[in-house]
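Residue numbering restarts at 1 for every chain, and letters A, B, ... go by the order of the sequence lines.
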Amino acid sequence: MDESYPYRVEVTAHAGELQERFSALLAGAGSGEVVTVAGRVMLRREMGKLAFLTMVEWTGSLQLFAAAQWTDRFAELKKLSLGDWVAASGEVVRTKTGELSVRVASWELLAKARRSFGDKWHGIADTDTRYRQRYADMWANPRSREALLTRSRAVSATRRFLEGRGFVEVETPVFQVVPGGATARPFVTHHNALDMDLYLRIALELHLKRLVVGGMEKVFEIGRVFRNEGLSPRHNPEFTMLELYQAYADYHDMMALTEELVAHVAREVTGGTRLDCAGRALEVAPPWERATMLDLVAEHTNVELSLDMPLGELRSKAKSLEVPVEEPWGPGKLVLEIYEKTTEPHLWGPVFVMDYPKEVSPLARDHRSKPGFVERFEPVVAGRELGNAFSELTDPDEQRANFEAQAKLRVAGDEEAMDLDEDYVRALEYGLPPTGGLGIGVDRLAMLLSGSEAIREVIAFPSLRKEAGPIS
RNA sequence: GGGGGCGUAGGUCAGUGGUAGACCGGCAGACUUUUAAUCUGCGCGCCGGGAGUUCGAUCCUCCCCGCCCCUACCA
């Protein structure tokens, strides 16, 4: 029966373009222009010898205006189900009641919708159905398609922004022998021919910095990374990361780049820099606030912290702030935990949280004037960490020492501690110039721009448990 | 992984210890300017699954499954 459907349609016009082009067409008037449009019938109003169908396609919606008097196979047209794909040809007109329409002379059924798209007013509310059957969700809930489109535009605008500044886009391996560049548990897979286990990358970092060693002075990758961790409204096991590295730059340059990038993308995607997140306004135009972690903690808790304090004092301060403490933690980890538990949840931003303890930042370079700290920041926007950046550690000996310290943590049971990547140290031995690096969670950025509260809204096919039972 | 909530028709939801309803969709019909069109008719359902309590369970109890939220790790 499939051969009864056409293989091809010569579509000559789209709803969005027609709505714009004929915005001045008067009610009751014809345009004299004959077009062929195609899309899905999503609403149907039939009145005897007249019928009005709301056809929806990618660029917008358009009314099909049919009548027994001028439409081929009118009786058949009236029998279309909501969701059927059609192509229709006829004059562009505006009806008496002011709706831009194609006055259908001829039409074709392109595909039948054997399943319906849910409630035409409420859409599909069940999140499981929405995420598993995104193809249905996109029709039932226009917000879903908008969020995905926003994401696409954001990625595109990001690429143009970086290319405009001379960055080169590259692709680095997903399979890695030593997963590095972040502290996270990896997914493991196995290569049969080589008979070895491989890890799916948890970050892009180490390969991109190798490329800087190789001479790519401005390099970036937008790529999928994989972390074997829990799911939440803000976490998906596979997610998209933008990482960029710029030779001769430091973390101050990365702050400037971050705020300009986000503001640029916001303008390109939403038309402005004032965003609405969960009903709360957010201005992302530069300059963003810059504050050190310790100052922010002091501001939010009235507790002054210092890495020079005796460990016992830091522990007792943590306990007084109701921050749970674990035995092996050093002062740096304690400070970070105190920040994350007491202060970060209250930040809205945009704010650059600067100067992290060295102890928790094995890939970042020592702060040029604050012992025990590194030149690292995380941008917090709309209360969420948007990324992570630093003046990159360039010294191979120090890098090796940091890896070895991580190895000790791993032996002590920290499954997220980094492995020693010998080849990366070797690359540093060839010489990494001063370099600024920045990572941005692309999904988080898309959430920001689309006003989404859940990461699954901006991932077309989010990770889900295997569908239970037979598909019905 | 721990704590809480939810699961009724294709969709959105209501409801009761006596095996079930509304609206939308679908099907059949009326209607020449509709905008979630309207009007008439039709229920299309193992009330998530299993066990128990009961004369009787969709409703009460327990277990399981699934989803959501909070929490933990993180971007």
When both distances are under 3.5 Å in a Watson-Crick or G-U wobble arrangement, the nucleotide paired with rA37(B) is none

If I take atom NZ in residue Lys112(A) and atom P in nucleotide rG10(B), what distance separates them, rounded to the nearest angstrom? 19 Å

Specify the separation, in whole Å, of atom NZ of Lys333(A) and atom P of rA72(B). 12 Å

For Gly439(A), which contact category applies under a 4.0 Å heavy-atom criterion: base, sugar-phosphate, or nothing? nothing

Determine the contact category for Thr129(A): base if any of its heavy atoms lies under 4.0 Å from a base atom, sugar-phosphate if only primed atoms, P, OP1 or OP2 are that close, otherwise nothing. nothing

First encountered from the 5' end of RNA chain B, between Ser232(A) and Asp126(A): Asp126(A)

Sugar-phosphate, base or nothing in reach of Ala67(A), heavy atoms under 4.0 Å: nothing

Base paired to rC55(B) (Watson-Crick or G-U; both N/O distances under 3.5 angstrom): rG18(B)

Per Lys341(A) side chain, nearest of listed nucleotides rA72(B), rC67(B), rA37(B): rA72(B)

To the nearest Å, give me how far apart CG (Asp128(A)) and P (rG11(B)) are. 12 Å

For Asn236(A), report the nucleic acid contact type (base, sugar-phosphate, nothing); a contact means any heavy atom under 4.0 Å. base

I need the CZ-P distance between Phe74(A) and rC31(B), as an integer number of Å. 11 Å

Set out, in order, the CA-CA distance, both residues' side-chain angles and the distance that settles side-chain contact (heavy atoms from CB on, under 4.5 Å) for Leu464(A) and Arg132(A), then state yes or no. CA-CA 8 Å; Leu464(A) 298 168; Arg132(A) 283 187 201 280; 3.3 Å; yes

Can you measure Lys78(A) atom NZ to rG26(B) atom C1' for me and round it to whole angstrom units? 17 Å

Sugar-phosphate only, base, or nothing, as touched by Thr97(A) at under 4.0 Å among non-hydrogen atoms: base

Do Trp348(A) and Trp288(A) have their ring centres less than 6.0 Å from each other? no

Expressed in whole Å, how much space separates the C1' atoms belonging to rC67(B) and rC31(B)? 44 Å

Check: Glu344(A) side chain, Lys341(A) main-chain N or O, donor-acceptor pair, under 3.5 Å: no

Select base, sugar-phosphate, or nothing to describe what Phe117(A) touches, counting heavy atoms under 4.0 Å on all strands. nothing

Please measure how far the P atom in rG45(B) lies from the corresponding atom in rU61(B), and state the result in whole Å. 29 Å

Which whole number of Å gives the distance between the P atom of rG4(B) and that of rC62(B)? 12 Å

Considering only heavy side-chain atoms of Arg132(A), the closest of rG66(B), rG10(B), rA37(B) is rG66(B)

Report the base-pairing partner of rC31(B) (Watson-Crick or G-U wobble, both distances below 3.5 angstrom), or none. none

Hydrogens and angles aside, do Glu57(A) and Thr59(A) bring a side-chain donor and acceptor to less than 3.5 Å of each other? yes

Thr127(A) side chain: which of rC67(B), rU34(B), rA36(B) is closest? rC67(B)

How far, in whole Å, is rA20(B) from rA30(B) if one measures between their C1' atoms? 31 Å

Using a strict cut-off of less than 4.0 Å between a Lys/Arg side-chain nitrogen and an Asp/Glu carboxylate oxygen, indicate whether Arg160(A) and Glu268(A) qualify as a salt bridge. yes

Under 4.0 angstrom, heavy atoms only, what part of the nucleic acid is Ile455(A) near: base, sugar-phosphate, or nothing? base

In whole Å, what separates the C1' atom of rC23(B) from that of rC39(B)? 15 Å

Ignoring hydrogens and geometry beyond distance, is a side-chain donor-acceptor pair present between Glu205(A) and Tyr424(A) at under 3.5 Å? no

Measure distances between side-chain N and O atoms of Thr54(A) and base N and O atoms of rU35(B), and say whether any donor-acceptor pair falls under 3.5 Å. no

Considering only rU34(B), rC73(B), rA36(B), which nucleotide approaches the side chain of Glu99(A) most closely? rU34(B)

Using both distances under 3.5 Å as the test, list the Watson-Crick or G-U wobble partner of rA9(B), or none. none

Reckon Gly48(A) touches a base, only the sugar-phosphate, or nothing at all at heavy-atom distances under 4.0 Å? base

May I ask you to evaluate whether Arg45(A) reaches the phosphate of rA37(B), defined as a side-chain N or O under 4.0 Å from OP1 or OP2? yes

Pairwise P distance, rU71(B) and rG18(B) [rounded to whole Å]: 41 Å

Are Trp70(A) and Phe65(A) close enough that their ring centres sit under 6.0 Å apart? yes

I'd like the P distance from rC27(B) over to rC69(B), given in whole Å. 35 Å

rG1(B) - base-pair partner by Watson-Crick or wobble geometry, distances under 3.5 Å: rU71(B)

Side chain of Leu43(A): nearest nucleotide among rA36(B), rC70(B), rU33(B)? rA36(B)

For a quick test of reading the model: is some side-chain N or O of Lys120(A) closer than 4.0 Å to OP1 or OP2 of rA37(B)? yes

Measuring from the side chain of Ala125(A) (C-beta onward, heavy atoms only), which nucleotide among rU33(B), rC13(B), rU35(B) has the closest atom? rC13(B)

Report the distance from atom CH2 of Trp139(A) to atom P of rG25(B), rounded to the nearest whole Å. 18 Å

For Glu385(A) and for Asp119(A), locate the closest nucleotide of RNA chain B by heavy-atom distance; then report the residue assigned to the nucleotide nearer the 5' terminus. Asp119(A)

Rounded interatomic separation in angstrom, taking CZ from Arg456(A) and P from rC69(B): 7 Å

Quick one: are the ring centres of Phe352(A) and Phe377(A) less than 6.0 Å apart? yes

Describe the nucleic acid contact of Lys49(A) in one word from base, sugar-phosphate, nothing, applying a heavy-atom distance below 4.0 Å. base

Go through the N and O atoms of the side chain of Gln63(A) and the base of rU34(B), and report whether any donor-acceptor pair is under 3.5 Å. yes

Using a 4.0 Å heavy-atom cut-off across all strands, classify Arg384(A) as base, sugar-phosphate, or nothing. nothing

Euclidean distance for P, rG43(B) against rA22(B) (whole angstrom): 10 Å

N or O in side chain of Arg44(A) less than 4.0 angstrom from rG26(B) OP1/OP2: yes

Salt bridge check, Arg234(A) against Asp443(A): does any charged N sit closer than 4.0 Å to a carboxylate O? no

Rounded to the Å, how far apart are Leu231(A) CG and rC70(B) P? 13 Å

